[in-house]
Structure formats: C-alpha cells, structure tokens
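For reference, the structure discussed in these notes is given below.
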Amino acid sequence: QVQLVESGGGLVQPGGSLRLSCAASGSIFRTGVMGWYRQAPGKQRELVARISGGGSTTYADSIKGRFTISRDNAKNTVYLQMNSLKPEDTAVYYCNRVPPYVSRGEAYWGQGTQVTVSS
C-alpha cells in the first residue's frame with residue numbers, strides 16, 4: 001500500500017522550532033532520494049530539502065542553515081528539524097520522493113502537516 005503520513009506541525013512563535021516526521025511506505029522510500037516540500041497560501045508547492053539514500057543533503061536558499069533533513073532507513077521515515085522559524089515559513093509541509101511518486105498517472109501526496117509561524 002502506498003502511503004505518506006506527515007506529522008509534527010503546529011503553531012509556533014517566530015524564532016521557535018519544530019520537528020516534522022514523515023512515515024513512507026517502502027515502495028516510495030526505498031527508491032532513494034526523499035524530500036520535504038511546502039506550499040504556502042497562494043503559492044506553488046516547492047521543494048525545500050532533499051536527502052539521498054546515502055545521506056547527502058541539499059537545501060533551498062530560503063531555509064539553508066535553519067532546517068536539517070535526515071532519514072532513518074530502517075523505519076522508512078524522513079525528518080525535518082526546523083529552527084529559527086520565520087513567518088514566511090508558514091505553509092503546509094509534505095514529504096515525497098524526488099521527483100514525486102506517481103500513482104495511476106498522477107503525483108501522489110499525503111495530507112501534509114500545517115506549520116504556522118506567528119506571534
């Protein structure tokens with residue numbers, strides 16, 4: 001069964017931290033590169049961090065130095081540690097393969113987890 005389940009979002013003040021988790025089914029996870037995407041209101045979904053099966057990471061400039069992506073291959077789980085959060089980080093965060101997993105001709109996405117940064 002294909003599955004992506006994101007969790008860990010919430011409301012946090014500017015400068016705060018959150019840790020997101022994503023449990024993926026093996027059919028998605030084992031293919032290698034996994035990533036965290038986000039979609040802010042009125043904007044397109046964007047890839048903000050990616051990690052290879054061997055642990056090499058790449059980050060978007062907007063989050064570099066503040067967010068850290070990691071993975072536990074034994075648990076088919078990807079994490080995103082988010083520090084020094086800013087209001088512009090407010091978005092729904094999704095994990096997926098890079099490029100996104102396709103099922104029945106369409107990109108498959110989980111429900112995402114809402115992150116709101118506000119005082």
Side-chain angles (χ1 to χ4, degrees):
Q1 181 181 0
V2 175
Q3 198 170 25
L4 288 164
V5 181
E6 299 93 347
S7 61
L11 173 63
V12 63
Q13 291 186 343
S17 298
L18 284 173
R19 189 189 191 215
L20 307 184
S21 299
C22 170
S25 57
S27 56
I28 296 175
F29 192 89
R30 64 172 170 259
T31 53
V33 182
M34 293 293 295
W36 281 97
Y37 302 73
R38 69 184 182 187
Q39 187 168 20
K43 295 187 177 181
Q44 288 191 333
R45 192 164 356 210
E46 61 172 343
L47 176 66
V48 296
R50 57 189 287 173
I51 185 167
S52 72
S56 297
T57 58
T58 306
Y59 299 96
D61 288 343
S62 59
I63 62 130
K64 197 173 294 182
R66 299 187 296 121
F67 293 8
T68 302
I69 188 171
S70 61
R71 64 191 291 162
D72 186 333
N73 291 336
K75 296 182 179 179
N76 287 359
T77 301
V78 183
Y79 305 97
L80 187 67
Q81 177 66 45
M82 305 188 296
N83 299 327
S84 302
L85 282 160
K86 304 175 181 180
E88 51 264 43
D89 295 318
T90 295
V92 180
Y93 284 72
Y94 304 86
C95 73
N96 209 328
R97 200 173 63 183
V98 181
Y101 181 84
V102 175
S103 177
R104 300 178 183 177
E106 294 184 354
Y108 174 85
W109 294 94
Q111 83 288 350
T113 186
Q114 175 71 48
V115 172
T116 303
V117 185
S118 175
S119 56

Tyr101 side chain to Gln3 backbone, donor-acceptor under 3.5 Å: no

Applying side chain to side chain donor-acceptor pair (under 3.5 Å), name anything that partners Ser25, two or more places apart in sequence or on another chain. Ser27

Inter-residue atom distance Leu47.CG - Trp36.CH2, 0.5 Å rounding: 12.0 Å

Roughly how far, to the nearest 0.5 Å, is the CE atom of Met82 from the CG atom of Leu18? 4.5 Å

With sequence neighbours excluded, what pairs up with Asn73 under the side chain to side chain donor-acceptor pair (under 3.5 Å) test? Arg71

Holding to salt bridge (charged side-chain N to carboxylate O under 4.0 Å, His left out), I want the full list of residues that pass it with Arg66, two or more places apart in sequence or in another chain. Asp89

Set of side chain to side chain donor-acceptor pair (under 3.5 Å) partners for Gln39, sequence neighbours left out: none

For Met34 versus Val98, what's the shortest heavy-atom pair and its separation? C-CG2, 3.8 Å

Main-chain N/O of Glu6 paired with Gln111 side-chain donor or acceptor, under 3.5 Å: yes

List the residues meeting salt bridge (charged side-chain N to carboxylate O under 4.0 Å, His left out) with Glu88, not counting sequence neighbours, and say none if there are none. none

When hydrophobic residues are tied together by side-chain contacts of less than 4.5 Å, even through go-betweens, does Val115 share a cluster with Leu11? no

How many angstroms lie between SG in Cys95 and CG in Leu4, if you round to the nearest 0.5 Å? 4.5 Å

What pairs of residues pass the disulfide (SG to SG under 2.5 Å) test when at least one of them lies in residues 50-94, not counting sequence neighbours? none

Please name all residues satisfying ring-ring contact (aromatic ring centres under 6.0 Å, His included) with Tyr37, sequence neighbours left out, ordered by chain then number. Trp109

Are Leu20 and Val12 in one and the same hydrophobic cluster, where Ile, Leu, Val, Met, Phe, Trp and Tyr link if side-chain heavy atoms are under 4.5 Å apart? yes

Is Phe67 reachable from Tyr79 through a run of hydrophobic residues whose side-chain heavy atoms are each under 4.5 Å from the next? no

Got a sec, which pairs hit disulfide (SG to SG under 2.5 Å) with one end in residues 60-90, sequence neighbours left out? none

For residues 9-23, which residue pairs qualify under side-chain hydrogen bond (donor to acceptor under 3.5 Å, both in side chains), counting only residues two or more places apart or in two chains? Ser17-Asn83

Sequence neighbours excluded, the answer for side-chain contact (heavy atoms from CB on, under 4.5 Å) partners of Asn76 is Phe29

Of all pairs that satisfy salt bridge (charged side-chain N to carboxylate O under 4.0 Å, His left out), the ones with a partner from residues 49-63, not counting sequence neighbours: Asp61-Lys64

Can you name the nearest heavy-atom pair linking Ser103 to Tyr108, along with the distance? CB-CB, 4.2 Å

Among all residues two or more places apart in sequence or in another chain, which pass the side chain to side chain donor-acceptor pair (under 3.5 Å) test with Thr116? Gln114

When every non-hydrogen atom of Thr90 is compared with those of Pro41, the smallest separation belongs to O-CD, 4.4 Å

CD1 (Ile69) and OG (Ser52) are apart, to the nearest 0.5 Å, by 10.0 Å

Residues Leu80 and Ala49: closest non-hydrogen pair is CD1-CB, 4.2 Å

